[in-house]
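Comments concern the structure below.
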Number of protein chains: 2
Amino acid sequence: MNKEEQIIIGFRDIYNKLVWLNKFKMEDSLKGYTSSEVHCIEYISSNVDSNVTKLAESFYMTRGAISKLTKKMVEKGIIESYQKPDNKKEIYFRLTEQGNAINKIHEDLHDEFQARDKAVFEDITEAQFDSMLSFMEKYRRHLDTEIKKQGVNITNRNDLE
Amino acid sequence: MNKEEQIIIGFRDIYNKLVWLNKFKMEDSLKGYTSSEVHCIEYISSNVDSNVTKLAESFYMTRGAISKLTKKMVEKGIIESYQKPDNKKEIYFRLTEQGNAINKIHEDLHDEFQARDKAVFEDITEAQFDSMLSFMEKYRRHLDTEIKKQGVNITNRNDLE
DNA sequence: ATGATATTGTTTCCTTGTCAACAATAAAAA
DNA sequence: TTTTTATTGTTGACAAGGAAACAATATCAT
């Protein structure tokens, strides 16, 4: 197995394990709320004027899925929607009291996760850290470019149909 | 944002982008087969005596989901099941001709993906590469330990109920 | 200003996966 | 051996998310 594969498999495996483990803990601490809802809350709390489209892009999900999710969350009283006077189309979300409370719990949990995994990061040197980050940044930019290309191809194809 | 967060977010973002992009390409090249099916084929091709349980563990999915997936794949003629003379319970899978053909296409696609992302890896030094891999290995082992702990807790909790 | 195009959010239908209960078999304990 | 426990795979009810069609609004080109 070569470099590329090893690194990609490493990414995938670590990410999967992390998601599995944290999801488990989270749904235990935040009973009654799904991990999707909690992610949504997290995003809304740190991005002003969040809307369906931005949430969907950030989570790699469809607008339809987010639309349903946020609708449920409004009904549950976790978030509320608002609009701007000069735009009758876009609908934004902000957290309610309840949403903020959940967010607080989630933040604490987050710290707990960091504490749990602290040892893994302890003896990374600054140099190692920087080299990893710059690699990831490069990778990410590359993928963005490829995704953009793909987007163009999709559009082109639709144009021909 | 601290080291841990940056790295984790990097993992997540790269992984998501990669999945999104490759899935897209794959379902374009392998029309009629879902990416789950292709992953299954990949696993079965490189693990002798694959069964529902092993597939489920490897994909972080439930046995139920894999059971349905493999059932469909058998019906489609992509894989076939077999048993061993001394075990009437376990059911194993292997690829059919058709499954092998799909696997071949997938492997080629895989090479294509590697070629696409080659540039990103080009100027990583051996040292950088080794340090990343050893970090990931450490992280992975840590998560395995934590997952195992979690498992114990689950069991304990059930015992009390 | 007006007509064409793009964006935003919603809904319906469908697929995929989870959960929980289950039967069949295997493994372990008595 | 017999009994108990664990493992394996399956199913049905359900929930989450994707795809596509849609209406409403905004943006752009002319």
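So you know, we letter chains A, B, ... as the sequences are listed, proteins then strands, and number each from 1. A quick note: this is a predicted structure, and the numbers were derived from the prediction, not measured.
No salt bridge links B:E27 with B:K31; every basic N to acidic carboxylate O contact stays at or beyond 4.0 Å. The pair B:R94-B:D49 does not meet the salt-bridge criterion, since no charged nitrogen lies less than 4.0 angstrom from a carboxylate oxygen. Note on A:D28 versus A:K23: no salt bridge recorded, every NZ/NE/NH1/NH2 to OD/OE distance being 4.0 Å or above. With respect to the salt-bridge test (charged N to carboxylate O, under 4.0 angstrom), the residues B:R140 and B:D144 do not qualify.
Scored by the side-chain contact (heavy atoms from CB on, under 4.5 Å) test, B:K71 finds B:E75 as partners (sequence neighbours excluded). Listed by chain and number, the residues in a salt bridge (Lys or Arg N to Asp or Glu O under 4.0 Å) with B:K54 amount to none (sequence neighbours excluded). Residues forming a salt bridge (Lys or Arg N to Asp or Glu O under 4.0 Å) with A:D117 (at least two apart in sequence, or on another chain): none. For A:F121, the ring-ring contact (aromatic ring centres under 6.0 Å, His included) test picks out B:F135, B:Y139, with sequence neighbours left out. Every residue two or more places apart in sequence or in another chain was checked for a salt bridge (Lys or Arg N to Asp or Glu O under 4.0 Å) with B:E90, and none qualifies.
Overall bending of the helix from C:dA1-D:dT30 to C:dA30-D:dT1, expressed as the angle between end axes built from five pairs apiece, is 40° (10° steps).
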- Query: side-chain hydrogen bond (donor to acceptor under 3.5 Å, both in side chains) between A:N22 and A:R116: does it pass, once the steps are laid out?
  - Reply: CA-CA 11 Å; A:N22 291 356; A:R116 181 195 66 201; 2.9 Å; yes
- Message: Test ring-ring contact (aromatic ring centres under 6.0 Å, His included) on B:F11 and A:F11; report intermediate values, then the result.
- Response: CA-CA 6 Å; B:F11 275 7; A:F11 276 6; 4.7 Å; yes
- Item | Worked verdict on B:K76 versus B:Y33 for side-chain hydrogen bond (donor to acceptor under 3.5 Å, both in side chains) | CA-CA 10 Å; B:K76 278 190 176 184; B:Y33 304 100; over 6 Å; no
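In the 5' to 3' direction, nucleotides of DNA chain D lying under 4.0 Å from heavy atoms of chain B begin and end at D:dT7 to D:dA13.
At a non-hydrogen distance threshold of 4.0 Å, A:K68, A:K72 from residues 68-79 of chain A come into contact with DNA chain D. Remark: A:V52, A:T53, A:R63, A:G64, A:S67 in residues 52-67 of chain A come within less than 4.0 Å of DNA chain C through at least one heavy atom.
Pairs passing the salt bridge (Lys or Arg N to Asp or Glu O under 4.0 Å) check and including a residue from residues 95-111 of chain A, sequence neighbours excluded, read A:K104-A:D108.
For A:K88 and C:dT7, the NZ to C1' distance is 16 Å, given to the nearest whole Å. Rounded to an integer number of Å, the gap from CD of B:E90 to P of C:dA26 is 9 Å.
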Pull out every protein N or O sitting under 3.5 Å from an N or O of nucleotides 27-29 of chain C, one pair per line with the distance.
none

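Two different hydrophobic clusters hold A:L109 and B:I147 under the rule that ILVMFWY side chains link at heavy-atom gaps under 4.5 Å.
Here B:Y82 is tied into one hydrophobic group with B:Y92, each link being a pair of ILVMFWY side chains closer than 4.5 Å.
Toward the 5' end of DNA chain C, the nearer of the two residues B:T34 and A:K89, judged by each one's closest nucleotide, is A:K89. Where A:E27 and A:N51 meet DNA chain C, the nucleotide closest to each residue was compared, and A:N51 sits on the side nearer the 5' end.
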